[in-house]
Amino acid sequence: MTEHTPQSDPVAATAARSAQAPQRTLLLRGGDVHSPADPFATAMVVERGHVAWVGSEGAADAFAAGVDEVVDLDGALVTPAFTDAHVHTTSAGLALTGLDLTGARSLADALDLVRAYAARRPEDRVLLGHGWDAARWPERRAPQRAELDAAAGGRPLYLSRIDVHSAVVTTALLDLVTGLRDKDGFHEGEPLTRDAHHAVRAAAFAAVTPAQRREAQRAALRHAASLGIGSLHECGGPDISSPEDFAALLELAREEAGPRVFGYWADRDLGLARELGAVGAGGDLFVDGALGSHTACLHAPYQDAGHTGTAYLTADDVAAHVAACTEAGLQAGFHAIGDAAVSAVVEGVRAAAATVGLARIRAARHRVEHAEMMTPATIAAFADLGLTASVQPAFDAAWGGEDGMYADRLGADRARTLNPFAALLKAGVPLAFGSDAPVTPLDPWGTVRAAAFHRTPEHRISVRAAFTAHTRGGWRALGRDDAGVLVPGAPADYAVWQTSELVVQAPDDRVARWSTDPRSGTPGLPDLTPGGDLPVCLATVVGGREVFVRPQG
(Lines give C-alpha, C1' and ligand atoms only; values in the text may rest on other atoms or scores of the structure.)
Protein backbone atom coordinates (compact mmCIF):
# COMPACT_ATOMS: atom_id res chain seq x y z
CA MET A 1 0.00 0.00 0.00
CA THR A 2 1.19 3.49 -0.75
CA GLU A 3 2.00 5.94 2.02
CA HIS A 4 -0.74 8.34 3.05
CA THR A 5 -0.45 11.64 4.86
CA PRO A 6 -2.53 11.50 8.06
CA GLN A 7 -4.91 14.33 8.96
CA SER A 8 -5.69 14.88 12.62
CA ASP A 9 -8.97 16.66 11.88
CA PRO A 10 -10.18 15.91 8.34
CA VAL A 11 -13.37 17.96 8.66
CA ALA A 12 -11.46 21.07 9.67
CA ALA A 13 -8.75 20.42 7.10
CA THR A 14 -11.24 19.97 4.28
CA ALA A 15 -13.31 22.93 5.37
CA ALA A 16 -10.19 25.08 5.23
CA ARG A 17 -9.12 23.68 1.87
CA SER A 18 -10.82 26.38 -0.17
CA ALA A 19 -8.20 28.46 1.20
CA GLN A 20 -6.20 30.07 0.86
CA ALA A 21 -9.50 31.95 0.70
CA PRO A 22 -9.71 34.81 -1.80
CA GLN A 23 -8.85 38.13 -0.25
CA ARG A 24 -11.24 40.05 -2.49
CA THR A 25 -14.56 41.26 -1.13
CA LEU A 26 -17.58 40.64 -3.33
CA LEU A 27 -21.07 42.14 -3.34
CA LEU A 28 -23.81 40.18 -5.09
CA ARG A 29 -27.00 42.14 -5.62
CA GLY A 30 -30.15 42.30 -7.69
CA GLY A 31 -31.37 38.74 -7.17
CA ASP A 32 -32.94 36.54 -4.50
CA VAL A 33 -30.73 35.22 -1.70
CA HIS A 34 -32.09 32.20 0.15
CA SER A 35 -31.17 32.95 3.75
CA PRO A 36 -32.89 32.48 7.12
CA ALA A 37 -31.09 35.64 8.26
CA ASP A 38 -33.38 37.68 5.99
CA PRO A 39 -36.22 35.99 4.08
CA PHE A 40 -36.41 38.99 1.74
CA ALA A 41 -32.68 39.26 1.04
CA THR A 42 -31.65 40.35 -2.44
CA ALA A 43 -27.93 40.92 -1.80
CA MET A 44 -24.97 39.27 -0.11
CA VAL A 45 -21.39 40.25 0.74
CA VAL A 46 -18.64 37.62 0.63
CA GLU A 47 -15.30 38.31 2.33
CA ARG A 48 -12.31 36.00 2.91
CA GLY A 49 -14.25 32.92 1.87
CA HIS A 50 -17.19 33.52 4.21
CA VAL A 51 -20.55 35.22 4.10
CA ALA A 52 -20.13 38.65 5.67
CA TRP A 53 -23.64 40.07 5.25
CA VAL A 54 -27.04 39.37 3.69
CA GLY A 55 -29.80 41.90 3.30
CA SER A 56 -31.94 44.10 1.11
CA GLU A 57 -31.09 45.96 -2.06
CA GLY A 58 -31.35 49.34 -0.40
CA ALA A 59 -28.95 48.40 2.38
CA ALA A 60 -26.49 47.03 -0.18
CA ASP A 61 -25.71 50.56 -1.34
CA ALA A 62 -23.73 51.09 1.84
CA PHE A 63 -21.33 48.29 0.84
CA ALA A 64 -20.92 49.12 -2.84
CA ALA A 65 -18.05 51.56 -2.43
CA GLY A 66 -16.03 49.33 -0.12
CA VAL A 67 -15.95 46.07 -2.07
CA ASP A 68 -13.58 44.87 -4.78
CA GLU A 69 -16.31 43.73 -7.15
CA VAL A 70 -20.06 44.10 -7.55
CA VAL A 71 -21.93 41.28 -9.30
CA ASP A 72 -25.35 42.00 -10.78
CA LEU A 73 -27.39 38.84 -10.29
CA ASP A 74 -29.96 39.98 -12.86
CA GLY A 75 -32.77 38.32 -10.94
CA ALA A 76 -30.98 35.01 -10.33
CA LEU A 77 -31.46 32.93 -7.19
CA VAL A 78 -28.57 32.37 -4.76
CA THR A 79 -28.76 29.38 -2.43
CA PRO A 80 -26.35 27.42 -0.28
CA ALA A 81 -24.48 24.89 -2.39
CA PHE A 82 -25.83 21.37 -2.17
CA THR A 83 -24.10 18.58 -0.24
CA ASP A 84 -24.40 15.07 -1.65
CA ALA A 85 -24.06 12.89 1.42
CA HIS A 86 -23.34 9.57 -0.32
CA VAL A 87 -21.19 9.29 -3.44
CA HIS A 88 -18.76 6.81 -5.00
CA THR A 89 -16.75 9.39 -6.88
CA THR A 90 -14.46 7.27 -9.02
CA SER A 91 -17.27 4.91 -10.04
CA ALA A 92 -19.50 7.89 -10.81
CA GLY A 93 -16.75 9.35 -12.96
CA LEU A 94 -16.20 6.05 -14.75
CA ALA A 95 -19.92 5.97 -15.55
CA LEU A 96 -19.63 9.50 -16.97
CA THR A 97 -16.54 8.72 -19.05
CA GLY A 98 -17.18 5.05 -19.81
CA LEU A 99 -19.93 2.52 -20.45
CA ASP A 100 -23.20 3.68 -18.86
CA LEU A 101 -26.12 1.26 -19.22
CA THR A 102 -28.65 3.21 -17.17
CA GLY A 103 -30.37 4.34 -20.35
CA ALA A 104 -30.54 0.88 -21.94
CA ARG A 105 -34.17 0.15 -22.82
CA SER A 106 -33.77 -3.60 -23.28
CA LEU A 107 -31.28 -6.44 -23.00
CA ALA A 108 -30.61 -6.18 -26.72
CA ASP A 109 -29.95 -2.46 -26.35
CA ALA A 110 -27.50 -3.14 -23.51
CA LEU A 111 -25.59 -5.70 -25.57
CA ASP A 112 -25.38 -3.24 -28.47
CA LEU A 113 -23.90 -0.64 -26.11
CA VAL A 114 -21.33 -3.17 -24.88
CA ARG A 115 -20.37 -4.05 -28.44
CA ALA A 116 -19.93 -0.40 -29.44
CA TYR A 117 -17.94 0.45 -26.30
CA ALA A 118 -15.57 -2.48 -26.78
CA ALA A 119 -14.87 -1.29 -30.31
CA ARG A 120 -14.05 2.22 -29.05
CA ARG A 121 -11.68 1.04 -26.28
CA PRO A 122 -9.30 -1.48 -27.89
CA GLU A 123 -6.47 -0.77 -25.41
CA ASP A 124 -8.38 -1.21 -22.12
CA ARG A 125 -7.19 -4.23 -20.15
CA VAL A 126 -10.65 -4.65 -18.62
CA LEU A 127 -13.86 -3.12 -19.93
CA LEU A 128 -15.92 -1.49 -17.17
CA GLY A 129 -19.61 -0.68 -17.30
CA HIS A 130 -22.42 0.10 -14.91
CA GLY A 131 -26.14 0.57 -14.62
CA TRP A 132 -28.01 -2.40 -16.10
CA ASP A 133 -31.41 -3.05 -14.53
CA ALA A 134 -33.23 -6.11 -15.85
CA ALA A 135 -36.35 -5.10 -13.90
CA ARG A 136 -36.87 -2.31 -16.45
CA TRP A 137 -36.31 -4.46 -19.54
CA PRO A 138 -38.98 -6.37 -21.44
CA GLU A 139 -36.81 -9.50 -21.25
CA ARG A 140 -36.79 -9.27 -17.42
CA ARG A 141 -33.46 -11.07 -17.14
CA ALA A 142 -29.78 -10.25 -16.76
CA PRO A 143 -27.31 -10.72 -19.62
CA GLN A 144 -25.92 -14.23 -19.87
CA ARG A 145 -22.19 -14.82 -19.93
CA ALA A 146 -22.19 -16.21 -23.48
CA GLU A 147 -24.01 -13.09 -24.70
CA LEU A 148 -21.45 -10.86 -23.00
CA ASP A 149 -18.53 -12.91 -24.32
CA ALA A 150 -19.82 -12.35 -27.85
CA ALA A 151 -20.57 -8.65 -27.36
CA ALA A 152 -17.15 -7.95 -25.78
CA GLY A 153 -15.25 -10.01 -28.32
CA GLY A 154 -13.92 -12.37 -25.67
CA ARG A 155 -12.32 -9.60 -23.60
CA PRO A 156 -12.57 -9.16 -19.80
CA LEU A 157 -15.74 -7.21 -18.99
CA TYR A 158 -17.31 -6.17 -15.67
CA LEU A 159 -20.88 -4.81 -15.62
CA SER A 160 -22.32 -3.80 -12.25
CA ARG A 161 -26.06 -3.81 -11.68
CA ILE A 162 -27.64 -0.42 -10.99
CA ASP A 163 -27.38 -0.98 -7.20
CA VAL A 164 -23.70 -2.08 -7.42
CA HIS A 165 -24.43 -5.13 -5.25
CA SER A 166 -24.20 -7.65 -8.07
CA ALA A 167 -22.55 -7.88 -11.46
CA VAL A 168 -22.32 -9.88 -14.66
CA VAL A 169 -18.94 -10.58 -16.21
CA THR A 170 -17.35 -12.34 -19.16
CA THR A 171 -15.49 -15.62 -19.05
CA ALA A 172 -12.20 -13.80 -19.60
CA LEU A 173 -12.69 -11.82 -16.39
CA LEU A 174 -13.77 -14.88 -14.42
CA ASP A 175 -10.53 -16.57 -15.43
CA LEU A 176 -8.49 -13.71 -13.92
CA VAL A 177 -9.73 -14.44 -10.37
CA THR A 178 -8.35 -17.62 -8.84
CA GLY A 179 -10.95 -19.73 -7.07
CA LEU A 180 -13.84 -17.43 -7.95
CA ARG A 181 -16.22 -20.32 -8.68
CA ASP A 182 -15.74 -21.56 -5.10
CA LYS A 183 -16.62 -18.24 -3.44
CA ASP A 184 -19.87 -17.44 -1.70
CA GLY A 185 -22.18 -15.67 -4.14
CA PHE A 186 -21.11 -17.59 -7.26
CA HIS A 187 -23.97 -19.48 -8.91
CA GLU A 188 -23.53 -20.63 -12.48
CA GLY A 189 -25.69 -18.62 -14.87
CA GLU A 190 -26.64 -15.95 -12.31
CA PRO A 191 -25.20 -12.51 -11.49
CA LEU A 192 -22.35 -12.55 -8.98
CA THR A 193 -23.12 -11.42 -5.43
CA ARG A 194 -21.44 -11.36 -2.01
CA ASP A 195 -17.79 -12.49 -1.86
CA ALA A 196 -17.71 -13.52 -5.52
CA HIS A 197 -18.82 -10.06 -6.56
CA HIS A 198 -16.33 -8.34 -4.25
CA ALA A 199 -13.48 -10.43 -5.66
CA VAL A 200 -14.30 -9.83 -9.31
CA ARG A 201 -14.93 -6.13 -8.67
CA ALA A 202 -11.51 -5.81 -7.06
CA ALA A 203 -9.89 -7.51 -10.04
CA ALA A 204 -11.71 -5.28 -12.50
CA PHE A 205 -10.88 -2.03 -10.74
CA ALA A 206 -7.27 -3.07 -10.23
CA ALA A 207 -6.95 -2.76 -14.01
CA VAL A 208 -7.81 0.96 -13.88
CA THR A 209 -4.62 2.97 -14.29
CA PRO A 210 -3.86 5.98 -12.07
CA ALA A 211 -4.39 8.22 -15.10
CA GLN A 212 -7.82 6.69 -15.82
CA ARG A 213 -8.75 7.01 -12.16
CA ARG A 214 -7.79 10.67 -12.01
CA GLU A 215 -9.68 11.35 -15.26
CA ALA A 216 -12.78 9.73 -13.77
CA GLN A 217 -12.47 11.59 -10.46
CA ARG A 218 -12.03 14.92 -12.21
CA ALA A 219 -15.03 14.22 -14.42
CA ALA A 220 -17.22 13.44 -11.40
CA LEU A 221 -16.09 16.52 -9.47
CA ARG A 222 -16.57 18.81 -12.48
CA HIS A 223 -20.03 17.38 -13.07
CA ALA A 224 -20.97 17.84 -9.41
CA ALA A 225 -19.83 21.47 -9.48
CA SER A 226 -21.90 22.10 -12.62
CA LEU A 227 -24.99 21.01 -10.67
CA GLY A 228 -24.47 23.37 -7.75
CA ILE A 229 -22.94 20.72 -5.48
CA GLY A 230 -20.31 22.19 -3.18
CA SER A 231 -19.56 19.15 -1.00
CA LEU A 232 -19.47 15.40 -1.44
CA HIS A 233 -19.31 12.61 1.13
CA GLU A 234 -17.16 9.94 -0.50
CA CYS A 235 -18.14 6.45 0.66
CA GLY A 236 -15.12 4.22 0.10
CA GLY A 237 -13.99 0.97 1.58
CA PRO A 238 -12.13 -2.27 0.96
CA ASP A 239 -15.15 -3.91 -0.72
CA ILE A 240 -15.87 -0.82 -2.82
CA SER A 241 -12.64 0.77 -3.97
CA SER A 242 -9.12 0.71 -2.52
CA PRO A 243 -7.03 2.76 -0.09
CA GLU A 244 -5.09 4.13 -3.08
CA ASP A 245 -8.29 5.26 -4.81
CA PHE A 246 -9.61 6.87 -1.62
CA ALA A 247 -6.36 8.68 -0.83
CA ALA A 248 -5.95 9.86 -4.42
CA LEU A 249 -9.43 11.40 -4.42
CA LEU A 250 -8.86 13.30 -1.18
CA GLU A 251 -5.52 14.53 -2.49
CA LEU A 252 -7.09 15.68 -5.76
CA ALA A 253 -9.81 17.57 -3.87
CA ARG A 254 -7.19 19.32 -1.74
CA GLU A 255 -5.05 20.26 -4.73
CA GLU A 256 -7.61 21.45 -7.28
CA ALA A 257 -10.53 23.87 -7.12
CA GLY A 258 -13.80 22.01 -6.92
CA PRO A 259 -16.30 20.63 -4.45
CA ARG A 260 -15.09 19.76 -0.97
CA VAL A 261 -14.72 16.01 -0.43
CA PHE A 262 -15.21 14.40 2.98
CA GLY A 263 -14.19 10.76 3.05
CA TYR A 264 -15.83 7.87 4.90
CA TRP A 265 -13.84 4.64 4.93
CA ALA A 266 -16.02 1.55 5.49
CA ASP A 267 -13.68 -0.56 7.55
CA ARG A 268 -13.41 -1.68 11.16
CA ASP A 269 -9.68 -0.89 11.03
CA LEU A 270 -9.82 2.51 12.73
CA GLY A 271 -6.09 3.06 12.35
CA LEU A 272 -6.32 2.80 8.57
CA ALA A 273 -9.36 5.10 8.52
CA ARG A 274 -7.37 7.74 10.40
CA GLU A 275 -4.29 7.20 8.23
CA LEU A 276 -6.35 7.76 5.09
CA GLY A 277 -7.79 11.02 6.43
CA ALA A 278 -11.34 9.70 6.78
CA VAL A 279 -13.89 11.61 8.85
CA GLY A 280 -15.50 8.34 9.84
CA ALA A 281 -15.09 4.58 9.79
CA GLY A 282 -18.40 4.04 8.11
CA GLY A 283 -20.38 4.88 5.04
CA ASP A 284 -20.84 1.60 3.20
CA LEU A 285 -19.82 -0.69 6.03
CA PHE A 286 -22.24 -3.36 4.88
CA VAL A 287 -24.75 -4.82 7.31
CA ASP A 288 -26.63 -6.16 4.28
CA GLY A 289 -26.88 -5.74 0.51
CA ALA A 290 -29.56 -4.30 -1.78
CA LEU A 291 -33.17 -5.08 -2.64
CA GLY A 292 -32.63 -5.21 -6.38
CA SER A 293 -29.96 -7.90 -6.00
CA HIS A 294 -32.02 -9.82 -3.38
CA THR A 295 -29.24 -9.25 -0.82
CA ALA A 296 -30.93 -6.74 1.52
CA CYS A 297 -31.56 -8.58 4.81
CA LEU A 298 -35.26 -8.94 5.66
CA HIS A 299 -37.32 -10.27 8.55
CA ALA A 300 -39.71 -11.99 6.12
CA PRO A 301 -38.78 -13.57 2.77
CA TYR A 302 -38.78 -11.75 -0.53
CA GLN A 303 -42.00 -12.07 -2.47
CA ASP A 304 -40.10 -13.18 -5.58
CA ALA A 305 -37.40 -15.30 -3.89
CA GLY A 306 -37.51 -17.99 -1.22
CA HIS A 307 -35.06 -16.39 1.20
CA THR A 308 -34.50 -13.31 3.40
CA GLY A 309 -31.33 -11.91 1.85
CA THR A 310 -27.83 -11.53 3.25
CA ALA A 311 -26.50 -10.44 6.65
CA TYR A 312 -22.88 -9.29 6.63
CA LEU A 313 -22.67 -7.96 10.21
CA THR A 314 -24.43 -8.96 13.42
CA ALA A 315 -25.72 -6.69 16.16
CA ASP A 316 -22.66 -7.67 18.21
CA ASP A 317 -20.40 -6.55 15.34
CA VAL A 318 -22.24 -3.24 15.18
CA ALA A 319 -21.97 -2.72 18.94
CA ALA A 320 -18.23 -3.34 19.00
CA HIS A 321 -17.59 -0.98 16.08
CA VAL A 322 -19.77 1.83 17.44
CA ALA A 323 -18.15 1.60 20.88
CA ALA A 324 -14.65 1.62 19.38
CA CYS A 325 -15.42 4.59 17.11
CA THR A 326 -17.01 6.54 19.94
CA GLU A 327 -13.97 5.98 22.17
CA ALA A 328 -11.68 7.01 19.28
CA GLY A 329 -13.64 10.17 18.45
CA LEU A 330 -14.66 8.89 14.99
CA GLN A 331 -18.07 8.63 13.41
CA ALA A 332 -19.34 5.12 12.82
CA GLY A 333 -21.69 4.41 9.98
CA PHE A 334 -23.40 1.45 8.36
CA HIS A 335 -25.09 0.51 5.12
CA ALA A 336 -28.47 -0.97 6.11
CA ILE A 337 -31.42 -1.32 3.75
CA GLY A 338 -33.58 -4.27 4.84
CA ASP A 339 -35.68 -4.18 8.01
CA ALA A 340 -33.62 -6.96 9.63
CA ALA A 341 -30.40 -5.06 8.89
CA VAL A 342 -31.81 -1.83 10.33
CA SER A 343 -32.92 -3.77 13.43
CA ALA A 344 -29.39 -5.16 13.83
CA VAL A 345 -27.96 -1.63 13.68
CA VAL A 346 -30.41 -0.35 16.29
CA GLU A 347 -29.74 -3.30 18.59
CA GLY A 348 -25.99 -2.87 18.21
CA VAL A 349 -25.99 0.90 18.81
CA ARG A 350 -28.18 0.42 21.91
CA ALA A 351 -25.67 -2.12 23.23
CA ALA A 352 -22.83 0.32 22.57
CA ALA A 353 -24.73 3.04 24.42
CA ALA A 354 -24.97 0.76 27.44
CA THR A 355 -21.18 0.48 27.35
CA VAL A 356 -19.98 4.02 26.61
CA GLY A 357 -23.06 6.06 27.55
CA LEU A 358 -26.04 7.34 25.57
CA ALA A 359 -24.86 10.97 25.69
CA ARG A 360 -21.58 10.09 23.99
CA ILE A 361 -23.37 8.03 21.34
CA ARG A 362 -25.71 10.89 20.54
CA ALA A 363 -22.88 13.43 20.47
CA ALA A 364 -20.93 11.32 17.95
CA ARG A 365 -23.73 11.60 15.35
CA HIS A 366 -23.22 8.11 14.01
CA ARG A 367 -25.08 7.53 10.76
CA VAL A 368 -26.94 4.91 8.78
CA GLU A 369 -26.83 4.89 4.99
CA HIS A 370 -30.04 4.21 3.03
CA ALA A 371 -32.24 3.04 5.97
CA GLU A 372 -35.04 2.19 3.57
CA MET A 373 -37.15 -0.39 5.45
CA MET A 374 -38.00 1.43 8.66
CA THR A 375 -40.69 0.67 11.24
CA PRO A 376 -42.18 2.96 13.92
CA ALA A 377 -39.93 1.22 16.45
CA THR A 378 -36.70 1.69 14.50
CA ILE A 379 -37.62 5.29 13.64
CA ALA A 380 -38.09 6.02 17.35
CA ALA A 381 -34.78 4.32 18.10
CA PHE A 382 -32.94 6.46 15.51
CA ALA A 383 -34.29 9.57 17.22
CA ASP A 384 -33.37 8.31 20.71
CA LEU A 385 -29.83 7.31 19.67
CA GLY A 386 -29.14 10.47 17.65
CA LEU A 387 -28.55 8.52 14.43
CA THR A 388 -28.49 10.45 11.16
CA ALA A 389 -30.40 8.86 8.29
CA SER A 390 -28.33 9.37 5.13
CA VAL A 391 -30.99 8.65 2.51
CA GLN A 392 -31.53 8.79 -1.25
CA PRO A 393 -34.97 10.03 -2.40
CA ALA A 394 -34.14 9.15 -6.01
CA PHE A 395 -34.42 5.48 -5.01
CA ASP A 396 -38.15 5.93 -4.55
CA ALA A 397 -38.44 7.84 -7.82
CA ALA A 398 -36.65 5.01 -9.63
CA TRP A 399 -38.09 1.92 -7.92
CA GLY A 400 -41.13 2.94 -5.89
CA GLY A 401 -44.79 2.82 -6.85
CA GLU A 402 -47.28 0.02 -7.33
CA ASP A 403 -45.45 -1.49 -10.30
CA GLY A 404 -41.84 -0.69 -9.37
CA MET A 405 -38.96 -2.93 -8.35
CA TYR A 406 -39.77 -2.55 -4.65
CA ALA A 407 -43.24 -4.01 -5.23
CA ASP A 408 -41.74 -6.85 -7.29
CA ARG A 409 -39.35 -7.75 -4.48
CA LEU A 410 -41.55 -7.15 -1.44
CA GLY A 411 -45.17 -6.96 -2.56
CA ALA A 412 -47.17 -3.75 -2.68
CA ASP A 413 -47.95 -3.57 1.05
CA ARG A 414 -44.34 -3.77 2.24
CA ALA A 415 -43.15 -1.61 -0.65
CA ARG A 416 -45.41 1.24 0.49
CA THR A 417 -43.54 1.45 3.80
CA LEU A 418 -40.16 2.24 2.25
CA ASN A 419 -38.28 5.53 2.62
CA PRO A 420 -40.64 7.14 5.18
CA PHE A 421 -39.11 10.61 5.15
CA ALA A 422 -42.08 12.38 6.78
CA ALA A 423 -42.15 9.98 9.72
CA LEU A 424 -38.40 10.31 10.21
CA LEU A 425 -38.60 14.11 10.29
CA LYS A 426 -41.65 14.07 12.57
CA ALA A 427 -39.72 11.89 15.03
CA GLY A 428 -36.77 14.30 14.98
CA VAL A 429 -34.35 12.09 13.03
CA PRO A 430 -31.75 14.21 11.17
CA LEU A 431 -31.83 13.64 7.41
CA ALA A 432 -28.94 14.04 4.98
CA PHE A 433 -29.73 13.58 1.30
CA GLY A 434 -27.48 12.00 -1.30
CA SER A 435 -27.51 10.17 -4.60
CA ASP A 436 -25.35 7.06 -4.05
CA ALA A 437 -23.94 7.97 -7.49
CA PRO A 438 -23.51 6.12 -9.78
CA VAL A 439 -26.49 4.12 -8.46
CA THR A 440 -28.65 7.16 -9.19
CA PRO A 441 -27.26 10.27 -10.90
CA LEU A 442 -25.97 13.38 -9.21
CA ASP A 443 -29.14 15.51 -9.44
CA PRO A 444 -29.76 17.69 -6.38
CA TRP A 445 -32.94 19.48 -7.45
CA GLY A 446 -34.29 16.19 -8.78
CA THR A 447 -33.57 14.69 -5.35
CA VAL A 448 -35.49 17.49 -3.61
CA ARG A 449 -38.39 16.96 -6.03
CA ALA A 450 -38.35 13.20 -5.39
CA ALA A 451 -38.69 13.74 -1.62
CA ALA A 452 -41.44 16.34 -1.99
CA PHE A 453 -43.38 14.16 -4.44
CA HIS A 454 -42.65 10.73 -2.99
CA ARG A 455 -44.62 7.99 -4.76
CA THR A 456 -46.28 7.20 -1.42
CA PRO A 457 -48.02 10.46 -0.41
CA GLU A 458 -47.76 9.98 3.37
CA HIS A 459 -43.97 9.91 3.09
CA ARG A 460 -43.71 13.30 1.35
CA ILE A 461 -42.00 16.25 3.00
CA SER A 462 -41.97 19.93 2.10
CA VAL A 463 -39.62 21.30 -0.53
CA ARG A 464 -38.05 23.45 2.16
CA ALA A 465 -37.39 20.45 4.44
CA ALA A 466 -35.99 18.48 1.51
CA PHE A 467 -33.77 21.38 0.46
CA THR A 468 -32.47 21.69 4.04
CA ALA A 469 -31.68 17.96 4.13
CA HIS A 470 -29.67 18.34 0.93
CA THR A 471 -27.74 21.42 2.09
CA ARG A 472 -27.45 21.95 5.82
CA GLY A 473 -28.27 18.30 6.54
CA GLY A 474 -25.06 17.08 4.95
CA TRP A 475 -22.97 19.44 7.04
CA ARG A 476 -24.79 18.49 10.24
CA ALA A 477 -24.09 14.84 9.43
CA LEU A 478 -20.40 15.77 9.60
CA GLY A 479 -20.83 17.45 12.97
CA ARG A 480 -20.82 20.99 11.54
CA ASP A 481 -23.81 23.16 12.50
CA ASP A 482 -22.38 26.41 11.11
CA ALA A 483 -22.44 25.60 7.38
CA GLY A 484 -24.84 24.80 4.57
CA VAL A 485 -26.75 28.02 5.12
CA LEU A 486 -26.14 31.61 3.96
CA VAL A 487 -25.77 33.60 7.16
CA PRO A 488 -22.94 35.87 8.35
CA GLY A 489 -19.96 33.81 9.38
CA ALA A 490 -20.86 30.73 7.35
CA PRO A 491 -18.53 29.39 4.64
CA ALA A 492 -19.28 31.04 1.29
CA ASP A 493 -20.38 27.82 -0.41
CA TYR A 494 -23.21 28.84 -2.70
CA ALA A 495 -24.74 28.36 -6.12
CA VAL A 496 -26.42 30.82 -8.48
CA TRP A 497 -29.48 29.59 -10.36
CA GLN A 498 -31.62 30.51 -13.31
CA THR A 499 -35.07 29.49 -12.22
CA SER A 500 -38.78 30.11 -12.44
CA GLU A 501 -40.79 32.23 -10.01
CA LEU A 502 -40.07 31.41 -6.38
CA VAL A 503 -42.85 30.00 -4.24
CA VAL A 504 -43.37 29.26 -0.56
CA GLN A 505 -45.30 26.18 0.46
CA ALA A 506 -48.35 26.90 2.57
CA PRO A 507 -48.06 25.43 6.07
CA ASP A 508 -51.53 23.81 5.99
CA ASP A 509 -50.64 21.50 3.09
CA ARG A 510 -47.00 20.60 2.60
CA VAL A 511 -47.24 19.38 -0.98
CA ALA A 512 -50.34 20.16 -2.99
CA ARG A 513 -50.85 23.85 -2.20
CA TRP A 514 -48.43 26.69 -2.66
CA SER A 515 -48.22 30.29 -1.50
CA THR A 516 -46.37 33.24 -2.95
CA ASP A 517 -47.51 35.54 -0.17
CA PRO A 518 -44.40 37.48 0.95
CA ARG A 519 -45.91 37.91 4.42
CA SER A 520 -45.05 34.30 5.14
CA GLY A 521 -41.52 35.40 6.03
CA THR A 522 -40.10 32.15 4.61
CA PRO A 523 -37.41 32.24 1.93
CA GLY A 524 -38.82 31.06 -1.38
CA LEU A 525 -37.63 28.13 -3.46
CA PRO A 526 -38.27 27.12 -7.07
CA ASP A 527 -41.52 25.42 -8.05
CA LEU A 528 -40.54 21.76 -8.40
CA THR A 529 -43.90 20.41 -9.51
CA PRO A 530 -43.25 17.25 -11.58
CA GLY A 531 -43.13 17.93 -15.29
CA GLY A 532 -41.67 21.40 -14.89
CA ASP A 533 -38.11 22.47 -15.62
CA LEU A 534 -35.56 22.26 -12.84
CA PRO A 535 -33.30 25.23 -12.03
CA VAL A 536 -30.15 25.62 -14.13
CA CYS A 537 -26.87 26.23 -12.31
CA LEU A 538 -25.12 29.40 -13.51
CA ALA A 539 -22.21 29.29 -11.06
CA THR A 540 -20.96 27.34 -8.05
CA VAL A 541 -18.69 28.88 -5.41
CA VAL A 542 -16.85 26.98 -2.67
CA GLY A 543 -15.14 28.93 0.09
CA GLY A 544 -15.46 32.10 -1.97
CA ARG A 545 -13.80 30.53 -5.05
CA GLU A 546 -15.64 29.91 -8.28
CA VAL A 547 -15.47 26.21 -9.12
CA PHE A 548 -17.98 26.34 -11.96
CA VAL A 549 -19.28 29.06 -14.27
CA ARG A 550 -21.74 28.14 -17.01
CA PRO A 551 -20.53 29.34 -20.41
CA GLN A 552 -22.73 32.03 -21.90
CA GLY A 553 -24.79 31.10 -24.93
Side-chain angles (χ1 to χ4, degrees), residues 82-88 163-164 229 231-233 235 264 280 282-292 296 331 333-339 341-342 345-346 365-376 378-383 385-400 404-406 415-437 439-456 458-478 484:
F82 285 101
T83 293
D84 192 308
H86 192 118
V87 177
H88 306 287
D163 59 14
V164 202
I229 297 171
S231 297
L232 302 170
H233 296 187
C235 291
Y264 285 85
D284 272 335
L285 185 53
F286 296 123
V287 179
D288 69 344
L291 290 165
Q331 275 187 307
F334 302 92
H335 163 119
I337 287 179
D339 50 1
V342 173
V345 170
V346 165
R365 302 192 189 187
H366 301 307
R367 49 192 280 176
V368 182
E369 310 298 319
H370 315 310
E372 292 198 76
M373 293 186 71
M374 303 290 291
T375 66
T378 52
I379 290 171
F382 270 45
L385 297 166
L387 296 174
T388 294
S390 171
V391 295
Q392 295 75 39
F395 286 8
D396 174 72
W399 302 307
M405 182 271 288
Y406 291 154
R416 278 191 290 270
T417 69
L418 265 62
N419 301 299
F421 305 138
L424 286 161
L425 278 184
K426 184 177 180 180
V429 176
L431 296 185
F433 281 177
S435 64
D436 200 8
V439 176
T440 59
L442 297 166
D443 180 14
W445 284 115
T447 295
V448 173
R449 174 187 277 172
F453 295 93
H454 196 294
R455 289 177 180 269
T456 304
E458 59 262 37
H459 299 329
R460 295 174 179 174
I461 61 177
S462 69
V463 169
R464 186 157 63 100
F467 179 80
T468 299
H470 216 350
T471 50
R472 198 170 191 178
W475 282 97
R476 285 174 167 167
L478 291 164

*asked:* For a side chain to side chain contact (heavy atoms under 4.5 Å, CB included) check, start with the C-alpha distance between Phe395 and Tyr406, then their side-chain angles and the critical distance, and finish with the verdict.
replied: CA-CA 10 Å; Phe395 286 8; Tyr406 291 154; 3.2 Å; yes
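With sequence neighbours excluded, no residue forms a ring pair (Phe, Tyr, Trp, His ring centres under 6.0 Å) with Phe382. By the side chain to side chain donor-acceptor pair (under 3.5 Å) test, His88 pairs with His86, Asp284, Asp436, sequence neighbours left out. Applying the ring pair (Phe, Tyr, Trp, His ring centres under 6.0 Å) test to His454 and every residue at least two apart in sequence or in another chain returns Phe421, His459. Residues forming a side chain to side chain contact (heavy atoms under 4.5 Å, CB included) with Gln331 (at least two apart in sequence, or on another chain): Tyr264, Arg365, Arg367. Every residue two or more places apart in sequence or in another chain that forms a side chain to side chain contact (heavy atoms under 4.5 Å, CB included) with Arg455 is listed here: Asp396. When the side chain to side chain contact (heavy atoms under 4.5 Å, CB included) test is applied to Ala423, the partners found at least two apart in sequence or on another chain are Ile379, Pro420. For Thr456, the side chain to side chain donor-acceptor pair (under 3.5 Å) criterion is met by no residue, not counting sequence neighbours. Thr417 pairs by the side chain to side chain contact (heavy atoms under 4.5 Å, CB included) definition with nothing, not counting sequence neighbours.
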Show every donor-acceptor pair shorter than 3.5 Å between a side-chain atom in residues 439-446 and any protein atom, with sequence neighbours excluded, or say none if there are none.
from, atom 1, to, atom 2, distance (Å)
Thr440, OG1, Ser435, O, 2.5
Asp443, OD1, Gly446, N, 3.2

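Listed for the His335 side chain is a donor-acceptor partner under 3.5 Å among the backbone atoms of Gly289. Of the possible donor and acceptor atoms, one in the side chain of Thr471 sits under 3.5 Å from a partner among the backbone N and O of Phe467.
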